[in-house]
Amino acid sequence: MPELPEVESVVRALAPMLTGRSVKNVRVLNRSTVAGSPRKPSVLEGRRVERVLRRGKYIVVHFDEAFAMAVHLRMTGWLGVKTQAQVAEEQDKFVRMVFELDEAPGRGAEWLLFRDIRKFGRVWCGRREEIIALKSFNKLGPEPLAITPEAFAERLHAHRGRLKSLLLNQAFLAGLGNIYADEALFEAGLHPLALAQQVKPDSARRLHAAIQAILGKAISAGGSSIDDYLHPDGTPGWFQRELKAYGREGEPCTRCKAPIKRDVVGQRGTWYCAKCQKKR
DNA sequence: ATCTATTCCTGGCTGC
DNA sequence: TGCAGCCAGGAATAGA
């Protein structure tokens, strides 16, 4: 499941392949993949890529003439570049959108593909200011790798909810998902059900440090390949091997050897060590 | 403000 | 081998 480190890995891989290239043609193979009203991916035809960046879990592509595209991979989305020959050979029924690219020096005819098994992923196309103004995009909270410990603690204490739910709330912090929320709470030694408002200042600081450390390590590892996530070139990330709580029900805690527990918190599977993650 | 349930969607798993 | 039924889950949405 792509979260911040996975999306960051996608952006870093795609940026050198896409920057400077033009989209000749856009084809939509699954209508619901294209979000927005009106749906208008054809506005990107003839536009040249200026930048590829990340905001929260969104991949954002800036085009010339102030056009832009935002992509959310949700559960099973994948972006990558393939040659026309590869695409023809593979006959991949899960490709939902195809962007025909111009021929760059040293590269033949290539297509940017959006592949998505479960069709939860979404692509928005339009003018840059329209994309930025999208309400789902506009209400995103701060970037977890940019926020200061002080600002983080202040935000934390301004909320009444449970830590796990808060970390998953994209308006609170943009980019954490189920995997890294559990990992950050484990690392900080905080219980998923702890009330945000009751978290003591030193615990808030530990949580902030844990979030930044986990995300930094996961980005360096190319993210976690769980279920379907793969890099744009088809290779897996390897941070899944470093996970200490997520998906490890029954396995011994790496700190105290007690078995990792799984509960459901806010309709999400939640893994934690009941012995060393305390509610306060 | 916060919480819960529901929807989207399909591969993979379980059980018969 | 086949098939029905269930599950996971990010985000939007509605309702409490």
Side-chain angles (χ1 to χ4, degrees), chain A residues 1-8 10 28-37 39 54-60 70-79 90-97 114-124 131 133-141 143-144 154-185 192-199 215 218 223-230 236 240 243 245-250 260-272:
Chain A
M1 293 156 293
E3 304 180 20
L4 188 153
E6 290 75 29
V7 177
E8 180 66 24
V10 170
V28 178
L29 285 76
N30 178 61
R31 235 181 89 80
S32 67
T33 294
V34 184
S37 180
R39 304 164 197 249
R54 180 191 60 73
R55 173 78 174 101
K57 298 179 202 170
Y58 291 81
I59 297 154
V60 184
V71 179
H72 199 302
L73 302 173
R74 293 281 178 92
M75 311 299 300
T76 56
W78 174 88
L79 274 178
E90 288 171 6
Q91 296 270 319
D92 186 343
K93 65 174 178 173
F94 299 123
V95 173
R96 309 303 184 190
M97 240 175 132
F114 180 66
R115 180 179 196 269
D116 185 23
I117 295 171
R118 291 188 209 175
K119 300 182 182 172
F120 281 178
R122 290 291 179 271
V123 177
W124 294 260
I131 301 293
L134 288 167
K135 71 167 182 281
S136 58
F137 195 81
N138 193 34
K139 69 182 184 192
L140 291 174
E143 285 291 326
E154 194 178 325
R155 278 181 91 72
L156 197 64
H157 291 135
H159 286 266
R160 298 174 173 281
R162 316 261 175 198
L163 286 183
K164 173 70 185 266
S165 303
L166 201 52
L167 293 183
L168 291 180
N169 180 351
Q170 301 300 297
F172 174 69
L173 272 190
L176 289 184
N178 213 25
I179 298 171
Y180 299 105
D182 280 3
E183 291 301 306
L185 289 171
L193 292 176
L195 294 168
Q197 251 177 358
Q198 293 178 5
V199 170
L215 293 179
S224 303
S225 283
I226 296 202
D227 295 335
D228 301 278
Y229 172 76
L230 293 172
Q240 66 278 8
L243 301 177
Y246 182 87
R248 303 218 173 272
E249 183 178 12
I260 296 292
K261 266 196 81 176
R262 181 187 188 273
D263 281 346
V264 174
V265 177
Q267 284 94 242
R268 295 284 173 268
T270 298
W271 290 266
Y272 64 101

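Heavy-atom basis, side chains included; hydrogens, waters and symmetry copies ignored. So you know, we letter chains A, B, ... as the sequences are listed, proteins then strands, and number each from 1.
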Pairing residues for [X] by the side-chain hydrogen bond (donor to acceptor under 3.5 Å, both in side chains) criterion, not counting sequence neighbours:
| X | result |
| --- | --- |
| A:Tyr180 | A:Glu6, A:Ser224 |
| A:Arg268 | none |
| A:Glu143 | A:Arg54, A:Arg55 |
| A:Arg160 | none |

**Study point:** Minimum heavy-atom distance A:Leu176-A:Leu167, with the two atoms named
**Key:** CB-O, 3.4 Å

Study note, to complete from the structure: Residues A:Gly177 and A:Leu168: closest non-hydrogen pair is C-CD2, 3.3 Å

Nearest-angstrom distance from the residue atom [atom1] of [X] to [atom2] of [N]:
| X | N | atom1 | atom2 | value |
| --- | --- | --- | --- | --- |
| A:Lys135 | C:dA11 | NZ | P | 15 Å |
| A:Ile117 | C:dG9 | CD1 | P | 16 Å |
| A:Arg122 | C:dA12 | CZ | P | 11 Å |
| A:Asn169 | C:dT13 | CG | P | 15 Å |
| A:Leu167 | C:dA11 | CG | P | 13 Å |
| A:Tyr58 | C:dA11 | OH | P | 7 Å |

Review point. With A:Lys261, which residues qualify under salt bridge (Lys or Arg N to Asp or Glu O under 4.0 Å), at least two apart?
Key: A:Asp263

Practice item. Mind checking salt bridge (Lys or Arg N to Asp or Glu O under 4.0 Å) for A:Arg248 and listing every partner two or more places apart, or none if nothing turns up? Key: A:Glu251

Point to revise | Within 6.0 angstrom of A:Glu90 CD, more than 12 heavy atoms from elsewhere | key: yes

Taking N or O atoms only and anything under 3.5 Å, show me the protein contacts with nucleotides 14-16 of chain C, one pair per line.
none

Revision key, fill the gap. Of A:Ser165 and A:Lys93, the one whose nearest nucleotide on DNA chain B sits closer to the 5' end is A:Ser165

Check your understanding: Among all residues two or more places apart in sequence or in another chain, which pass the ring-ring contact (aromatic ring centres under 6.0 Å, His included) test with A:Phe137?
Key -> A:Tyr58

Review point. Per the side chain to side chain contact (heavy atoms under 4.5 Å, CB included) rule, which among A:Ile179, A:Ile226, A:Leu215 passes with A:Glu3?
Key: A:Ile179

Exercise for review: Look at all strands and tell whether A:Arg268 reaches a base, only sugar-phosphate, or nothing, counting heavy atoms closer than 4.0 Å.
Suggested key: base

Practice item. Classify the nucleic acid contact of A:Gly177 as base, sugar-phosphate or nothing, counting any heavy atom under 4.0 Å across all strands shown. Key: nothing

Review point. Does the ring of A:Phe120 lie flat against the base of C:dG9, closer than 5.5 Å centre to centre with planes under 30°?
Key: no

Check your understanding: Has A:Gln170 got a side-chain N or O lying under 4.0 Å from the OP1 or OP2 atom of C:dA11?
Key -> yes

Check your understanding: Is there a side-chain polar atom (N or O) of A:His72 under 4.0 Å from OP1 or OP2 of C:dA11?
Key -> yes

Collect all protein-nucleotide pairs involving nucleotides 3-8 of chain C in which both atoms are nitrogen or oxygen and the distance is under 3.5 Å.
from, atom 1, to, atom 2, distance (Å)
C:dA8, OP1, A:Arg262, NH2, 3.2
C:dA8, N3, A:Arg118, NH1, 3.3

Exercise for review: Hey, could you give me the CZ/CZ distance between A:Arg74 and A:Arg118, rounded to the nearest 0.5 Å?
Suggested key: 12.5 Å

Review point. At what distance, to the nearest 0.5 angstrom, does CG of A:Asp116 lie from CG of A:Leu29?
Key: 12.5 Å

Study note, to complete from the structure: Computed from five pairs at either end and rounded to 10 degrees, the angle between the axes of the helix from B:dT2-C:dA16 to B:dC16-C:dG2 is 40°

Exercise for review: Name the residue closer to the 5' end of DNA chain C, choosing between A:Ser136 and A:Met75 according to the nucleotide with the nearest heavy atom.
Suggested key: A:Met75

Practice item. May I have all residue pairs that pass side chain to side chain donor-acceptor pair (under 3.5 Å) and include part of residues 162-176 of chain A, sequence neighbours excluded? Key: A:Lys164-A:Asn178, A:Lys164-A:Asp182, A:Lys164-A:Thr270

Check your understanding: Hey, where on DNA chain B does chain A first and last touch, going 5' to 3'? Cut-off is any atom under 4.0 Å from a heavy atom.
Key -> B:dT2 to B:dG11

